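First up is the structure itself, then whatever we jot down about it.
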Amino acid sequence: AASLVDEIERGYREYGIRHFYLWGDTVTLNARSFSAFCDELIARRLDIRWFGNARADNLTDPAFVARLRQSGCWMLSLGIESESDEVRKDMLKRLERQKIQAAIQNMRQAGILSFAFFILGYPGETRATIERTVAYALELDPDFANFYPAVPYPGTEMYEKCRRDGSLVSNDWAKMEYSYYLLRSGDLDEKVVMGAIRQATRRFFLRPGWMMKHAGDIFKLALSSRHLVWYAATRLLRG
C-alpha cells in the first residue's frame, strides 16, 4: 500500500496530477488489502481523486464504501451484465440481485458515482431477455451505463461453445470487439442486438430525470467541449 501511494504522491506533488485511474480488473476485490491502500491515502491527506473497477458483491459493507470515498474515490464501474441470475451464472459471474442493489445504494449514500455495464445478446438470450435487462438498468438507475454486445473472445469457453453450436458467424478476430455482434441464434443477430444497444442507450440517457440530475455536468461539458457535445447529441437523436 505504501509503495503504491508513494507513486500517486509523486505524481501529485511533482507533476500536479490530481485524477488517477486505478487500472485493474477489480481493484477493490480484496477488501482487507485495499483498505490498507485507502488508509494510506487518507493518512497523507492528498487532494486527489481516483476511479476504478469493482464488483457489486464487494460493496455491500457501507463502512468499506465510505472508506473508499474518504480516500478520494469519485466513481466505480460495475459489471452487472444481465437482469437474469441464470445468465450471470452461465457467464461464471455469480452476482445476487440484492447485493447489486445494496452496492448501488451504498455508493449513492457515500457520494460515489456508479457506472454500470450490461451485456446484450449473450448465447441463449432472446429479445424478451434483452428487454428485461434494459428495464433492469433503468430500475437500478446507476449514474451512468454502457450497453455492450456479447463478444466471443478466442480462447474462452464462450467462443468454443458458439463455434461448436454453429452460432458464430465470423472468425474475423479484428471484429471480436464491442463494435460488432458476431453471433446468430434464435431471433438474435447483429442487426437486432446492435439496434437494441442503440435504443437502450437512448432510453437511459434521454430520460428527463437523468438529464435533470446531471444538468450541471451537461452544462459544464457544453461550455468546455461544444463540438463533442453537438456531435454526441446529433448521433444520439439520430440513433
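These figures come from a predicted structure and were not determined experimentally. We number each residue from 1, following the sequence as shown.
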Strictly below 4.0 Å, N to O, side chains only: are [X] and [Y] in salt-bridge contact?
X	Y	answer
Arg55	Asp25	no
Glu160	Arg163	yes
Arg132	Glu125	no
Glu83	Arg97	yes
Asp143	Lys213	yes
Glu40	Arg44	yes

Contacts under 3.5 angstrom, residues 218-230 side chains, donor-acceptor by atom type, not counting sequence neighbours:
residue	atom	partner	partner atom	Å
Ser224	OG	Lys220	O	3.1
Ser224	OG	Leu221	O	3.4

Would you say [X] and [Y] are hydrophobically clustered, going by side-chain heavy atoms of ILVMFWY under 4.5 Å?
X	Y	value
Leu76	Leu4	yes
Leu29	Phe37	no
Trp23	Phe115	yes
Ile42	Val5	no
Trp173	Leu168	yes

Count the heavy atoms belonging to other residues, nucleotides or ligands that lie under 6.0 Å from CD of Gln70, then report whether that count exceeds 12.
->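 Not buried by this count: 12 neighbours or fewer within 6.0 Å.
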Is the count of non-hydrogen atoms from other residues, nucleotides or ligands lying under 6.0 Å from Arg108 atom CZ greater than 12?
->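 Atom CZ in Arg108 is crowded, with more than 12 foreign heavy atoms closer than 6.0 Å.
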Check against side chain to side chain contact (heavy atoms under 4.5 Å, CB included), Thr129 and Val87 = CA-CA 10 Å; Thr129 62; Val87 170; 5.9 Å; no
Can you find a heavy atom in the side chain of Tyr181 that is under 4.5 Å from one in the side chain of Ile197?
->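 The answer is no; the side chains never approach within 4.5 Å.
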Any side-chain heavy-atom pair from Leu46 and Arg13 closer than 4.5 angstrom?
->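 Yes - at least one pair of side-chain heavy atoms lies under 4.5 Å apart.
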So, for His214 and Phe144, is the gap between ring centers shorter than 6.0 Å?
->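 Centroid separation for His214 and Phe144: below 6.0 Å.
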Classify the side-chain pair Glu177/Ser179 by whether it contains a donor and acceptor separated by less than 3.5 Å.
->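 Present: a donor and an acceptor within the cut-off.
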In sequence, state the C-alpha distance, the side-chain angles, and the governing distance for Asp187 and Val192, and then conclude on side chain to side chain contact (heavy atoms under 4.5 Å, CB included).
-> CA-CA 8 Å; Asp187 59 353; Val192 171; over 6 Å; no
Pair Arg207-Arg203, side chain to side chain contact (heavy atoms under 4.5 Å, CB included): steps then yes or no = CA-CA 6 Å; Arg207 292 174 295 160; Arg203 286 175 61 185; 6.0 Å; no
Evaluate side chain to side chain donor-acceptor pair (under 3.5 Å) for Asn53 paired with Ser77, printing each intermediate quantity in order.
-> CA-CA 5 Å; Asn53 300 326; Ser77 61; 2.3 Å; yes
Sequence neighbours left out, cut at 3.5 Å: what donor-acceptor pairs do the side chains of residues 148-156 make with other protein atoms?
residue	atom	partner	partner atom	Å
Tyr148	OH	Asn146	ND2	2.9
Thr156	OG1	Tyr153	O	2.6
Thr156	OG1	Tyr159	N	3.2

Pairs flagged by ring pair (Phe, Tyr, Trp, His ring centres under 6.0 Å) wherever residues 40-60 is involved - sequence neighbours left out |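 Sorted result for residues 40-60: Tyr21-Phe51, Phe34-Trp50.
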